[in-house]
Amino acid sequence: MRRFELNYEIAVVGGGPAGLSAAITAARAGRKVILLEKAGYLGGNATLGLPLLGFLDLDGRRIVGGIAQEYVNRLTERGQCLGHRTCPKHNSVTNVDPEGFKLLAIEMCREAGVDIILHVEACRTEVENGRLNRVILFGKGNEISVEADIFIDCTGDGDVAYLAGCSYEAGQPGTGVLQPPTVMFTLENVDTMRLYDYIEEHPEEMTFSATIDHRPGYDADYFRASKNHVFVGLRKIFDRMHAEGKCPVDRETLIYIKSMNDGEVYVNSTRLLNTDATDIFSLTNAELEGQLQVAKLTKMLQENVVGFEDCFISSIAPTLGVRETRRFKGVKELIADEICAGLIPEDTIGLGAYKIDIHSGTDRSTLFRTVEQPFGIPYGCMVSAEIENLMFAGRCVSVDAATLASVRVMPQCMTMGQAAGQAAAMAVADRTAPKDVDVAKLRKELYAQKAVLDMEQVQTLPMNEF
Ligand SMILES: Cc1cc2nc3c(=O)[nH]c(=O)nc-3n(C[C@H](O)[C@H](O)[C@H](O)COP(=O)(O)OP(=O)(O)OC[C@H]3O[C@@H](n4cnc5c(N)ncnc54)[C@H](O)[C@@H]3O)c2cc1C
(Lines give C-alpha, C1' and ligand atoms only; values in the text may rest on other atoms or scores of the structure.)
Protein backbone atom coordinates (compact mmCIF):
# COMPACT_ATOMS: atom_id res chain seq x y z
CA MET A 1 0.00 0.00 0.00
CA ARG A 2 1.22 3.54 -0.75
CA ARG A 3 1.03 5.90 2.24
CA PHE A 4 0.86 9.69 2.16
CA GLU A 5 0.95 12.11 5.09
CA LEU A 6 -0.64 15.50 4.45
CA ASN A 7 -0.91 18.57 6.61
CA TYR A 8 -3.51 21.30 6.17
CA GLU A 9 -5.07 24.09 8.16
CA ILE A 10 -8.58 22.95 7.29
CA ALA A 11 -9.70 19.57 5.99
CA VAL A 12 -13.21 19.18 4.62
CA VAL A 13 -14.43 15.62 4.16
CA GLY A 14 -17.28 15.24 1.65
CA GLY A 15 -17.69 17.38 -1.47
CA GLY A 16 -21.49 17.78 -1.64
CA PRO A 17 -23.36 21.10 -1.37
CA ALA A 18 -22.19 21.61 2.23
CA GLY A 19 -18.58 20.47 1.79
CA LEU A 20 -17.96 22.43 -1.40
CA SER A 21 -19.29 25.59 0.21
CA ALA A 22 -17.18 25.04 3.33
CA ALA A 23 -13.96 24.36 1.40
CA ILE A 24 -14.38 27.23 -1.08
CA THR A 25 -15.24 29.72 1.67
CA ALA A 26 -12.32 28.67 3.90
CA ALA A 27 -9.89 28.86 0.97
CA ARG A 28 -11.24 32.26 -0.09
CA ALA A 29 -10.47 33.41 3.45
CA GLY A 30 -6.83 32.59 2.75
CA ARG A 31 -6.50 29.24 4.53
CA LYS A 32 -4.75 26.10 3.28
CA VAL A 33 -7.65 23.77 2.57
CA ILE A 34 -8.09 20.22 1.33
CA LEU A 35 -11.36 18.69 0.16
CA LEU A 36 -11.55 14.89 0.35
CA GLU A 37 -14.30 13.12 -1.56
CA LYS A 38 -15.11 9.44 -2.05
CA ALA A 39 -16.78 9.80 -5.45
CA GLY A 40 -15.07 10.60 -8.75
CA TYR A 41 -16.82 13.98 -9.02
CA LEU A 42 -17.84 16.90 -6.83
CA GLY A 43 -21.36 18.01 -5.97
CA GLY A 44 -22.90 15.17 -3.95
CA ASN A 45 -26.68 15.15 -4.25
CA ALA A 46 -26.64 18.37 -6.29
CA THR A 47 -25.64 16.17 -9.24
CA LEU A 48 -28.69 13.86 -9.03
CA GLY A 49 -31.07 16.11 -10.99
CA LEU A 50 -32.70 17.54 -7.87
CA PRO A 51 -33.82 21.17 -7.79
CA LEU A 52 -32.55 23.51 -5.09
CA LEU A 53 -35.56 23.83 -2.77
CA GLY A 54 -35.61 26.30 0.11
CA PHE A 55 -34.44 29.57 -1.47
CA LEU A 56 -37.81 31.28 -0.93
CA ASP A 57 -40.16 31.26 2.06
CA LEU A 58 -43.89 30.59 2.05
CA ASP A 59 -44.54 34.17 0.90
CA GLY A 60 -42.08 34.01 -1.99
CA ARG A 61 -39.36 36.08 -0.29
CA ARG A 62 -35.75 35.11 -0.85
CA ILE A 63 -34.17 33.99 2.43
CA VAL A 64 -30.85 32.59 1.16
CA GLY A 65 -27.91 34.48 -0.31
CA GLY A 66 -24.16 34.00 -0.08
CA ILE A 67 -22.46 31.18 -1.93
CA ALA A 68 -25.76 29.38 -2.60
CA GLN A 69 -27.01 32.37 -4.58
CA GLU A 70 -23.58 32.64 -6.24
CA TYR A 71 -23.95 29.09 -7.69
CA VAL A 72 -27.39 30.09 -8.99
CA ASN A 73 -26.11 33.33 -10.54
CA ARG A 74 -23.16 31.65 -12.23
CA LEU A 75 -25.24 28.74 -13.56
CA THR A 76 -27.92 31.15 -14.79
CA GLU A 77 -25.31 33.14 -16.72
CA ARG A 78 -24.43 29.86 -18.48
CA GLY A 79 -28.06 28.96 -19.22
CA GLN A 80 -27.83 26.09 -16.70
CA CYS A 81 -30.30 27.42 -14.17
CA LEU A 82 -33.66 29.13 -14.52
CA GLY A 83 -33.49 31.17 -11.29
CA HIS A 84 -36.06 30.91 -8.52
CA ARG A 85 -39.74 30.35 -9.16
CA THR A 86 -42.47 30.32 -6.53
CA CYS A 87 -44.33 27.03 -6.13
CA PRO A 88 -47.73 26.45 -4.47
CA LYS A 89 -46.43 23.16 -3.08
CA HIS A 90 -42.70 23.55 -2.36
CA ASN A 91 -42.59 27.36 -1.71
CA SER A 92 -40.02 27.62 -4.50
CA VAL A 93 -38.13 25.63 -7.10
CA THR A 94 -34.69 26.46 -8.50
CA ASN A 95 -33.74 23.96 -11.19
CA VAL A 96 -30.06 23.52 -11.93
CA ASP A 97 -28.39 21.47 -14.60
CA PRO A 98 -26.70 18.66 -12.64
CA GLU A 99 -23.73 18.32 -15.00
CA GLY A 100 -23.33 22.09 -15.03
CA PHE A 101 -23.21 22.08 -11.23
CA LYS A 102 -20.53 19.39 -11.27
CA LEU A 103 -18.29 21.46 -13.54
CA LEU A 104 -18.90 24.74 -11.72
CA ALA A 105 -17.93 23.01 -8.47
CA ILE A 106 -14.50 22.14 -9.90
CA GLU A 107 -14.01 25.65 -11.26
CA MET A 108 -14.94 27.35 -8.00
CA CYS A 109 -12.65 25.07 -5.98
CA ARG A 110 -9.78 25.77 -8.36
CA GLU A 111 -10.38 29.54 -8.34
CA ALA A 112 -10.34 29.52 -4.54
CA GLY A 113 -7.22 27.33 -4.36
CA VAL A 114 -8.80 24.30 -2.69
CA ASP A 115 -6.69 21.14 -3.02
CA ILE A 116 -8.85 18.14 -3.92
CA ILE A 117 -8.43 14.39 -3.63
CA LEU A 118 -11.17 12.24 -5.14
CA HIS A 119 -11.80 8.51 -4.73
CA VAL A 120 -10.86 8.52 -1.06
CA GLU A 121 -13.14 7.48 1.76
CA ALA A 122 -12.61 8.34 5.42
CA CYS A 123 -12.08 5.06 7.22
CA ARG A 124 -10.20 5.83 10.49
CA THR A 125 -9.52 8.67 12.87
CA GLU A 126 -6.97 9.38 15.57
CA VAL A 127 -8.42 11.20 18.57
CA GLU A 128 -6.40 12.24 21.60
CA ASN A 129 -7.67 14.17 24.63
CA GLY A 130 -10.83 15.33 22.85
CA ARG A 131 -8.91 16.49 19.76
CA LEU A 132 -9.04 14.97 16.29
CA ASN A 133 -5.42 14.68 15.19
CA ARG A 134 -5.85 12.80 11.95
CA VAL A 135 -8.38 11.44 9.53
CA ILE A 136 -7.16 8.48 7.54
CA LEU A 137 -8.71 7.89 4.16
CA PHE A 138 -8.31 5.03 1.75
CA GLY A 139 -8.63 4.82 -2.02
CA LYS A 140 -7.24 2.57 -4.75
CA GLY A 141 -4.56 1.06 -2.51
CA ASN A 142 -3.49 4.47 -1.18
CA GLU A 143 -3.70 5.43 2.46
CA ILE A 144 -3.95 9.18 2.95
CA SER A 145 -3.38 10.42 6.47
CA VAL A 146 -4.53 14.03 6.88
CA GLU A 147 -3.58 16.22 9.81
CA ALA A 148 -5.44 19.49 10.17
CA ASP A 149 -6.12 22.24 12.69
CA ILE A 150 -9.84 21.94 11.98
CA PHE A 151 -11.88 19.21 10.31
CA ILE A 152 -15.32 19.84 8.83
CA ASP A 153 -17.43 16.72 8.41
CA CYS A 154 -19.64 17.17 5.34
CA THR A 155 -20.10 13.49 4.51
CA GLY A 156 -23.89 13.61 4.94
CA ASP A 157 -23.77 10.54 7.19
CA GLY A 158 -21.20 12.16 9.50
CA ASP A 159 -18.66 9.40 8.88
CA VAL A 160 -15.76 11.36 10.38
CA ALA A 161 -17.66 12.20 13.57
CA TYR A 162 -18.84 8.59 13.79
CA LEU A 163 -15.32 7.22 13.37
CA ALA A 164 -14.13 9.72 16.00
CA GLY A 165 -16.63 8.22 18.45
CA CYS A 166 -19.00 11.20 18.67
CA SER A 167 -22.54 10.76 20.01
CA TYR A 168 -25.40 10.92 17.55
CA GLU A 169 -29.09 10.29 17.09
CA ALA A 170 -30.83 8.86 14.07
CA GLY A 171 -34.37 8.58 12.81
CA GLN A 172 -37.77 9.62 14.04
CA PRO A 173 -38.35 10.09 17.77
CA GLY A 174 -39.43 6.96 19.57
CA THR A 175 -39.05 4.60 16.62
CA GLY A 176 -35.67 5.51 15.12
CA VAL A 177 -37.22 4.91 11.68
CA LEU A 178 -35.10 6.60 9.01
CA GLN A 179 -36.49 8.39 5.98
CA PRO A 180 -36.07 6.07 2.98
CA PRO A 181 -33.46 6.60 0.28
CA THR A 182 -34.22 6.88 -3.43
CA VAL A 183 -32.39 5.91 -6.61
CA MET A 184 -32.88 8.91 -8.91
CA PHE A 185 -33.12 8.34 -12.67
CA THR A 186 -33.63 10.26 -15.90
CA LEU A 187 -36.30 9.63 -18.49
CA GLU A 188 -36.22 11.05 -22.02
CA ASN A 189 -38.93 11.48 -24.58
CA VAL A 190 -41.67 12.30 -22.10
CA ASP A 191 -44.50 14.35 -23.55
CA THR A 192 -45.20 16.45 -20.46
CA MET A 193 -47.67 18.74 -22.27
CA ARG A 194 -49.95 15.76 -22.93
CA LEU A 195 -49.65 14.78 -19.27
CA TYR A 196 -50.73 18.30 -18.25
CA ASP A 197 -53.75 18.12 -20.58
CA TYR A 198 -54.62 14.81 -18.90
CA ILE A 199 -54.41 16.20 -15.36
CA GLU A 200 -56.49 19.21 -16.39
CA GLU A 201 -59.24 16.77 -17.39
CA HIS A 202 -58.64 14.63 -14.28
CA PRO A 203 -58.03 17.04 -11.37
CA GLU A 204 -58.53 14.13 -8.96
CA GLU A 205 -54.99 13.05 -9.94
CA MET A 206 -53.72 16.12 -8.05
CA THR A 207 -55.42 15.39 -4.72
CA PHE A 208 -53.06 14.68 -1.84
CA SER A 209 -53.43 12.85 1.44
CA ALA A 210 -54.25 14.83 4.59
CA THR A 211 -50.58 14.78 5.62
CA ILE A 212 -49.53 16.95 2.68
CA ASP A 213 -49.94 20.74 2.76
CA HIS A 214 -50.11 22.77 -0.42
CA ARG A 215 -51.72 25.93 -1.71
CA PRO A 216 -54.19 26.25 -4.60
CA GLY A 217 -52.76 26.72 -8.07
CA TYR A 218 -50.63 23.59 -8.22
CA ASP A 219 -52.19 22.55 -11.52
CA ALA A 220 -51.75 22.08 -15.25
CA ASP A 221 -51.40 25.81 -15.95
CA TYR A 222 -48.66 26.11 -13.35
CA PHE A 223 -46.71 23.22 -14.91
CA ARG A 224 -47.21 24.47 -18.45
CA ALA A 225 -45.95 27.96 -17.58
CA SER A 226 -42.29 27.04 -16.94
CA LYS A 227 -39.78 24.24 -16.96
CA ASN A 228 -38.83 25.35 -13.46
CA HIS A 229 -41.13 22.96 -11.60
CA VAL A 230 -41.42 19.77 -9.63
CA PHE A 231 -44.40 17.58 -10.51
CA VAL A 232 -46.03 15.61 -7.69
CA GLY A 233 -49.25 13.89 -8.68
CA LEU A 234 -51.09 10.96 -10.30
CA ARG A 235 -52.59 9.94 -6.98
CA LYS A 236 -55.47 8.03 -8.58
CA ILE A 237 -53.30 6.04 -10.97
CA PHE A 238 -50.93 5.15 -8.13
CA ASP A 239 -53.88 4.17 -5.86
CA ARG A 240 -55.27 1.96 -8.62
CA MET A 241 -51.91 0.32 -9.32
CA HIS A 242 -51.42 -0.38 -5.61
CA ALA A 243 -54.94 -1.84 -5.35
CA GLU A 244 -54.17 -4.13 -8.28
CA GLY A 245 -50.79 -5.08 -6.80
CA LYS A 246 -49.02 -3.58 -9.83
CA CYS A 247 -47.23 -0.57 -8.33
CA PRO A 248 -43.50 -1.37 -7.98
CA VAL A 249 -42.77 1.54 -5.62
CA ASP A 250 -44.04 2.36 -2.13
CA ARG A 251 -45.27 5.81 -3.10
CA GLU A 252 -48.62 7.62 -3.18
CA THR A 253 -47.66 9.71 -6.20
CA LEU A 254 -45.15 10.20 -8.98
CA ILE A 255 -42.52 12.88 -8.34
CA TYR A 256 -40.36 14.23 -11.11
CA ILE A 257 -38.32 17.34 -11.73
CA LYS A 258 -38.75 18.88 -15.17
CA SER A 259 -35.29 19.30 -16.60
CA MET A 260 -34.40 22.27 -18.78
CA ASN A 261 -34.20 19.92 -21.79
CA ASP A 262 -37.36 19.13 -23.73
CA GLY A 263 -38.82 15.70 -23.03
CA GLU A 264 -36.45 15.06 -20.10
CA VAL A 265 -37.49 14.50 -16.48
CA TYR A 266 -35.54 13.48 -13.37
CA VAL A 267 -37.64 10.94 -11.49
CA ASN A 268 -37.62 10.94 -7.68
CA SER A 269 -40.03 8.06 -7.07
CA THR A 270 -38.22 4.90 -6.08
CA ARG A 271 -38.37 4.24 -2.34
CA LEU A 272 -36.41 1.72 -0.30
CA LEU A 273 -38.25 1.07 2.95
CA ASN A 274 -36.51 -0.03 6.15
CA THR A 275 -33.07 1.01 4.90
CA ASP A 276 -30.18 2.16 7.05
CA ALA A 277 -27.66 3.64 4.63
CA THR A 278 -24.89 3.46 7.25
CA ASP A 279 -25.20 -0.35 7.29
CA ILE A 280 -23.23 -1.59 4.29
CA PHE A 281 -25.52 -4.59 3.73
CA SER A 282 -28.67 -2.50 3.91
CA LEU A 283 -27.03 0.11 1.65
CA THR A 284 -26.08 -2.52 -0.94
CA ASN A 285 -29.56 -3.96 -0.93
CA ALA A 286 -31.09 -0.49 -1.38
CA GLU A 287 -28.78 0.35 -4.32
CA LEU A 288 -29.60 -2.92 -6.10
CA GLU A 289 -33.33 -3.02 -5.35
CA GLY A 290 -33.62 0.68 -6.15
CA GLN A 291 -32.05 0.19 -9.56
CA LEU A 292 -34.44 -2.68 -10.26
CA GLN A 293 -37.36 -0.46 -9.22
CA VAL A 294 -36.28 2.01 -11.92
CA ALA A 295 -37.02 -0.45 -14.69
CA LYS A 296 -40.30 -1.61 -13.17
CA LEU A 297 -41.56 1.92 -12.53
CA THR A 298 -40.63 3.01 -16.04
CA LYS A 299 -42.64 0.12 -17.46
CA MET A 300 -45.62 1.05 -15.27
CA LEU A 301 -45.43 4.66 -16.50
CA GLN A 302 -45.10 3.61 -20.14
CA GLU A 303 -48.17 1.38 -19.88
CA ASN A 304 -50.42 3.56 -17.75
CA VAL A 305 -49.58 7.25 -17.94
CA VAL A 306 -50.39 9.65 -20.77
CA GLY A 307 -47.23 11.23 -22.16
CA PHE A 308 -44.89 8.47 -20.94
CA GLU A 309 -45.73 5.88 -23.62
CA ASP A 310 -42.48 6.31 -25.57
CA CYS A 311 -40.14 7.36 -22.78
CA PHE A 312 -36.84 5.62 -22.11
CA ILE A 313 -34.28 5.56 -19.31
CA SER A 314 -31.22 7.60 -20.23
CA SER A 315 -29.40 7.30 -16.92
CA ILE A 316 -29.61 5.93 -13.41
CA ALA A 317 -27.91 8.05 -10.74
CA PRO A 318 -24.43 6.76 -9.85
CA THR A 319 -25.31 6.58 -6.19
CA LEU A 320 -28.31 6.17 -3.93
CA GLY A 321 -29.83 9.42 -2.67
CA VAL A 322 -29.84 9.20 1.14
CA ARG A 323 -32.28 11.44 3.00
CA GLU A 324 -31.48 10.69 6.61
CA THR A 325 -28.93 8.94 8.81
CA ARG A 326 -26.94 10.32 11.78
CA ARG A 327 -27.34 13.70 13.49
CA PHE A 328 -24.41 14.58 15.75
CA LYS A 329 -24.33 16.30 19.11
CA GLY A 330 -23.37 19.94 18.74
CA VAL A 331 -22.93 22.68 21.31
CA LYS A 332 -26.50 23.63 20.29
CA GLU A 333 -29.37 21.58 18.90
CA LEU A 334 -31.97 23.24 16.68
CA ILE A 335 -35.40 21.75 17.39
CA ALA A 336 -38.78 21.76 15.66
CA ASP A 337 -40.50 23.98 18.27
CA GLU A 338 -37.93 26.68 17.50
CA ILE A 339 -38.28 26.47 13.73
CA CYS A 340 -42.09 26.40 13.92
CA ALA A 341 -42.01 29.50 16.15
CA GLY A 342 -39.80 31.29 13.59
CA LEU A 343 -37.05 31.97 16.14
CA ILE A 344 -34.02 33.78 14.79
CA PRO A 345 -31.39 33.58 17.55
CA GLU A 346 -28.48 35.97 17.92
CA ASP A 347 -25.98 33.44 16.62
CA THR A 348 -27.93 32.79 13.39
CA ILE A 349 -25.68 32.00 10.42
CA GLY A 350 -28.46 31.61 7.86
CA LEU A 351 -32.20 31.17 7.48
CA GLY A 352 -34.44 28.25 6.63
CA ALA A 353 -38.14 28.09 5.78
CA TYR A 354 -38.60 24.87 3.84
CA LYS A 355 -41.40 22.44 4.67
CA ILE A 356 -40.98 19.67 7.22
CA ASP A 357 -40.81 16.95 4.58
CA ILE A 358 -40.74 13.44 6.04
CA HIS A 359 -40.92 10.49 3.65
CA SER A 360 -42.07 7.44 5.59
CA GLY A 361 -39.44 4.75 6.00
CA THR A 362 -42.05 2.04 6.58
CA ASP A 363 -44.94 2.72 4.20
CA ARG A 364 -45.89 4.76 1.14
CA SER A 365 -46.97 7.95 2.93
CA THR A 366 -45.24 11.32 3.19
CA LEU A 367 -45.69 14.09 5.75
CA PHE A 368 -45.27 17.55 4.23
CA ARG A 369 -45.96 20.32 6.75
CA THR A 370 -45.73 24.05 6.18
CA VAL A 371 -43.21 26.13 8.12
CA GLU A 372 -45.04 29.45 8.36
CA GLN A 373 -42.09 31.83 8.65
CA PRO A 374 -38.32 31.83 8.31
CA PHE A 375 -36.21 30.62 11.24
CA GLY A 376 -32.53 31.02 12.10
CA ILE A 377 -29.95 28.24 11.95
CA PRO A 378 -27.68 28.76 14.98
CA TYR A 379 -23.91 28.53 14.67
CA GLY A 380 -23.66 26.03 17.53
CA CYS A 381 -25.45 23.23 15.69
CA MET A 382 -22.34 22.91 13.48
CA VAL A 383 -19.81 22.74 16.33
CA SER A 384 -19.10 19.35 17.88
CA ALA A 385 -19.87 19.21 21.59
CA GLU A 386 -17.26 16.48 22.02
CA ILE A 387 -14.26 17.06 19.74
CA GLU A 388 -12.74 20.52 20.05
CA ASN A 389 -11.54 20.88 16.42
CA LEU A 390 -14.47 19.20 14.64
CA MET A 391 -17.35 20.92 12.89
CA PHE A 392 -20.25 19.57 10.82
CA ALA A 393 -22.21 21.07 7.96
CA GLY A 394 -25.08 19.70 5.89
CA ARG A 395 -27.19 16.71 6.68
CA CYS A 396 -25.31 15.52 9.80
CA VAL A 397 -25.66 18.68 11.93
CA SER A 398 -27.13 18.91 15.44
CA VAL A 399 -30.89 19.16 14.91
CA ASP A 400 -33.89 17.01 15.77
CA ALA A 401 -35.49 14.73 13.19
CA ALA A 402 -38.30 17.12 12.20
CA THR A 403 -35.86 20.02 11.82
CA LEU A 404 -33.59 17.91 9.65
CA ALA A 405 -36.61 17.26 7.43
CA SER A 406 -36.57 21.00 6.67
CA VAL A 407 -32.90 22.07 6.78
CA ARG A 408 -31.65 19.11 4.76
CA VAL A 409 -32.50 20.92 1.51
CA MET A 410 -29.46 22.03 -0.45
CA PRO A 411 -29.54 25.86 -0.14
CA GLN A 412 -29.55 25.47 3.66
CA CYS A 413 -26.72 22.89 3.45
CA MET A 414 -24.73 25.34 1.30
CA THR A 415 -25.47 28.11 3.81
CA MET A 416 -24.22 25.95 6.69
CA GLY A 417 -21.15 24.97 4.68
CA GLN A 418 -20.28 28.59 3.99
CA ALA A 419 -20.64 29.52 7.66
CA ALA A 420 -18.61 26.51 8.83
CA GLY A 421 -15.84 27.29 6.32
CA GLN A 422 -15.69 30.94 7.38
CA ALA A 423 -15.77 30.06 11.09
CA ALA A 424 -13.01 27.47 10.65
CA ALA A 425 -10.89 30.04 8.79
CA MET A 426 -11.37 32.53 11.63
CA ALA A 427 -10.59 29.91 14.26
CA VAL A 428 -7.31 29.03 12.50
CA ALA A 429 -6.36 32.70 12.15
CA ASP A 430 -7.14 33.40 15.83
CA ARG A 431 -5.64 30.08 17.03
CA THR A 432 -8.85 29.27 18.80
CA ALA A 433 -11.40 26.44 18.81
CA PRO A 434 -14.60 26.65 16.73
CA LYS A 435 -16.67 26.90 19.93
CA ASP A 436 -14.79 30.10 20.84
CA VAL A 437 -15.23 31.85 17.50
CA ASP A 438 -16.59 35.38 17.87
CA VAL A 439 -20.02 34.81 16.31
CA ALA A 440 -20.76 38.53 15.92
CA LYS A 441 -17.58 38.84 13.83
CA LEU A 442 -18.50 35.67 11.88
CA ARG A 443 -21.93 37.14 11.08
CA LYS A 444 -20.28 40.35 9.89
CA GLU A 445 -18.05 38.36 7.53
CA LEU A 446 -21.02 36.33 6.27
CA TYR A 447 -23.05 39.50 5.77
CA ALA A 448 -20.20 40.88 3.65
CA GLN A 449 -20.45 37.67 1.60
CA LYS A 450 -24.14 38.46 0.99
CA ALA A 451 -25.45 35.77 3.33
CA VAL A 452 -28.98 36.41 4.58
CA LEU A 453 -29.08 36.55 8.37
CA ASP A 454 -32.23 38.38 9.43
CA MET A 455 -35.71 39.41 8.37
CA GLU A 456 -34.73 43.02 7.77
CA GLN A 457 -32.51 41.87 4.92
CA VAL A 458 -35.26 39.55 3.60
CA GLN A 459 -37.62 42.51 3.12
CA THR A 460 -35.21 44.18 0.72
CA LEU A 461 -33.90 41.30 -1.40
CA PRO A 462 -34.90 40.78 -5.03
CA MET A 463 -36.19 37.24 -5.67
CA ASN A 464 -33.65 36.68 -8.44
CA GLU A 465 -30.36 38.52 -8.68
CA PHE A 466 -28.33 38.22 -11.84
C1 LIG B 1 -33.87 11.42 -3.05
C2 LIG B 1 -33.61 12.76 -2.46
C3 LIG B 1 -34.33 13.84 -2.90
C4 LIG B 1 -34.05 15.11 -2.40
N5 LIG B 1 -34.69 16.17 -2.93
C6 LIG B 1 -34.21 17.41 -2.70
C7 LIG B 1 -34.67 18.51 -3.47
O8 LIG B 1 -35.50 18.37 -4.35
N9 LIG B 1 -34.11 19.73 -3.21
C10 LIG B 1 -33.18 19.93 -2.23
O11 LIG B 1 -32.69 21.05 -2.07
N12 LIG B 1 -32.74 18.89 -1.47
C13 LIG B 1 -33.21 17.65 -1.70
N14 LIG B 1 -32.76 16.57 -0.99
C15 LIG B 1 -31.87 16.81 0.16
C16 LIG B 1 -30.43 17.12 -0.22
O17 LIG B 1 -30.10 16.57 -1.47
C18 LIG B 1 -29.42 16.63 0.81
O19 LIG B 1 -29.92 16.71 2.12
C20 LIG B 1 -28.16 17.48 0.69
O21 LIG B 1 -27.57 17.22 -0.56
C22 LIG B 1 -27.18 17.20 1.79
O23 LIG B 1 -25.98 17.87 1.48
P24 LIG B 1 -24.62 17.36 2.09
O25 LIG B 1 -23.54 18.16 1.47
O26 LIG B 1 -24.75 17.33 3.57
O27 LIG B 1 -24.55 15.82 1.66
P28 LIG B 1 -24.43 15.12 0.22
O29 LIG B 1 -25.08 15.89 -0.84
O30 LIG B 1 -24.91 13.74 0.46
O31 LIG B 1 -22.86 15.10 -0.02
C32 LIG B 1 -22.00 14.32 0.79
C33 LIG B 1 -20.72 14.09 0.05
O34 LIG B 1 -19.80 13.40 0.90
C35 LIG B 1 -19.22 12.30 0.21
N36 LIG B 1 -18.89 11.30 1.23
C37 LIG B 1 -19.76 10.56 1.95
N38 LIG B 1 -19.10 9.79 2.82
C39 LIG B 1 -17.79 10.02 2.64
C40 LIG B 1 -16.62 9.51 3.26
N41 LIG B 1 -16.68 8.61 4.26
N42 LIG B 1 -15.40 9.96 2.83
C43 LIG B 1 -15.33 10.88 1.81
N44 LIG B 1 -16.42 11.40 1.20
C45 LIG B 1 -17.64 10.98 1.62
C46 LIG B 1 -20.30 11.86 -0.76
O47 LIG B 1 -19.76 11.14 -1.86
C48 LIG B 1 -20.90 13.21 -1.18
O49 LIG B 1 -20.24 13.79 -2.27
C50 LIG B 1 -33.04 15.28 -1.41
C51 LIG B 1 -32.34 14.18 -0.94
C52 LIG B 1 -32.61 12.94 -1.47
C53 LIG B 1 -31.81 11.79 -1.00
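Atoms within a ligand are numbered from 1 in the order they appear, just like the ligands themselves.
By the 6.0 Å contact criterion, CZ on R224 is enclosed, its count of non-hydrogen atoms from other residues, nucleotides or ligands being greater than 12. Counting heavy-atom neighbours within 6.0 Å of K227 NZ, excluding the residue itself, gives a total above 12. Residue-environment remark: NZ (K299) stays at or below the threshold of 12 foreign heavy atoms within 6.0 Å. For NZ of K450, the number of neighbouring non-hydrogen atoms (other residues, nucleotides, ligands) closer than 6.0 Å is 12 at most.
Of the polar atoms of A393, none of the N or O atoms is found under 3.5 Å from an N or O of ligand 1, judged by distance alone. In terms of polar-atom proximity, C413 is not counted as a contact of ligand 1, lacking any N or O under 3.5 Å from an N or O of the ligand. Checking only distances, N268 never comes within under 3.5 Å of ligand 1, N or O to N or O. Here's the thing with V409: none of its N/O atoms is less than 3.5 angstrom from an N/O atom of ligand 1. Considering backbone and side-chain N/O of T182, none are found under 3.5 Å from N/O of ligand 1. For ligand 1, none of its N or O atoms has an N or O atom of L50 under 3.5 Å away.
Note on ring orientation: taking the six-membered ring where Trp is involved, the planes of F328 and Y168 are tilted (angle from 30° to 60°). Aromatic ring orientation, Y218 versus H90: perpendicular (interplanar angle above 60°, classes split at 30° and 60°).
With G156, A18, A277, G14 as candidates, the residue nearest to atom 25 (O) of ligand 1 on a non-hydrogen basis is A18. Of the candidates P51, G19, A39, P51 brings a heavy atom nearest to atom 7 (C) of ligand 1. Compare H119, M416, R323 by their heavy atoms: the one nearest to atom 1 (C) of ligand 1 is in R323. Residue nearest to atom 48 (C) of ligand 1, selected from K38, E37, M184, E324: E37 (by heavy-atom distance). Heavy-atom proximity to atom 43 (C) of ligand 1, evaluated over L35, V120, L118, V183, is greatest for V120.
Protein heavy atom at the shortest distance from atom 26 (O) of ligand 1 is R395 N, 3.0 Å. Of the protein's heavy atoms, N45 CB, 3.2 Å lies nearest to atom 21 (O) of ligand 1. With respect to atom 39 (C) of ligand 1, the closest heavy atom belonging to the protein is T155 CG2, 3.6 Å. Scanning the protein heavy atoms around atom 18 (C) of ligand 1, the nearest turns out to be R408 O, 3.3 Å. In terms of protein heavy-atom proximity, atom 11 (O) of ligand 1 is closest to M410 N, 2.8 Å.
The contact set between ligand 1 and V13, taken as ligand atoms under 4.0 Å from a residue heavy atom, comprises 42 (N), 43 (C). Applying the 4.0 Å criterion to heavy atoms of P411 picks out, from ligand 1, the atoms 11 (O). Per-residue contacts place G321 under 4.0 angstrom from the following atoms of ligand 1 (heavy atoms of the residue considered): 53 (C). Listed by number with element, the atoms of ligand 1 under 4.0 angstrom from any heavy atom of G16 are 25 (O), 31 (O), 33 (C), 49 (O). Of all atoms in ligand 1, listed by their number and element, those nearer than 4.0 Å to a heavy atom of G394 are 26 (O). Which parts of ligand 1 touch G44 is read off a 4.0 Å heavy-atom cut-off, strictly below it: atoms 29 (O), 31 (O), 48 (C), 49 (O).
For the ligand labelled ligand 1, residue G43 lies outside the 4.0 Å heavy-atom shell. At least one heavy atom of A122 lies less than 4.0 angstrom from ligand 1. Contact annotation: V322 has at least one heavy atom less than 4.0 Å from an atom of ligand 1. Within the 4.0 Å heavy-atom shell around ligand 1 one finds C154.
When each of N285, L292, T284 is tested with L288 by the rule side-chain contact (heavy atoms from CB on, under 4.5 Å), just one qualifies, namely T284. With M260 as the partner, the side-chain contact (heavy atoms from CB on, under 4.5 Å) test is satisfied by one option alone out of V96, N228, D97: D97.
Counting heavy atoms under 4.0 Å from ligand 1, residue D159 touches it through the side chain alone.
Side-chain atoms of N133 and E128 include a donor-acceptor pair closer than 3.5 Å. Judged by distance alone, the side chains of T366 and R271 do bring a donor and an acceptor atom under 3.5 Å apart. There is a side-chain donor-acceptor pair under 3.5 Å between K355 and T370. A donor and an acceptor atom, one from each side chain of T325 and T278, are nowhere located under 3.5 Å apart. Looking only at atom types and distance, the side chain of D157 has no donor-acceptor partner in the side chain of T155 under 3.5 Å away. Between the side chains of Q422 and T25, no donor N or O sits under 3.5 Å from an acceptor N or O.
Cation-pi geometry between K258 and Y266 is not satisfied (NZ or CZ under 6.0 Å from the ring centre, within 45° of the ring normal).
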Donor-acceptor contacts under 3.5 Å from residues 113-124 side chains, at least two apart:
unit_1 : atom_1 : unit_2 : atom_2 : d
D115   : OD2    : Y8     : OH     : 2.5

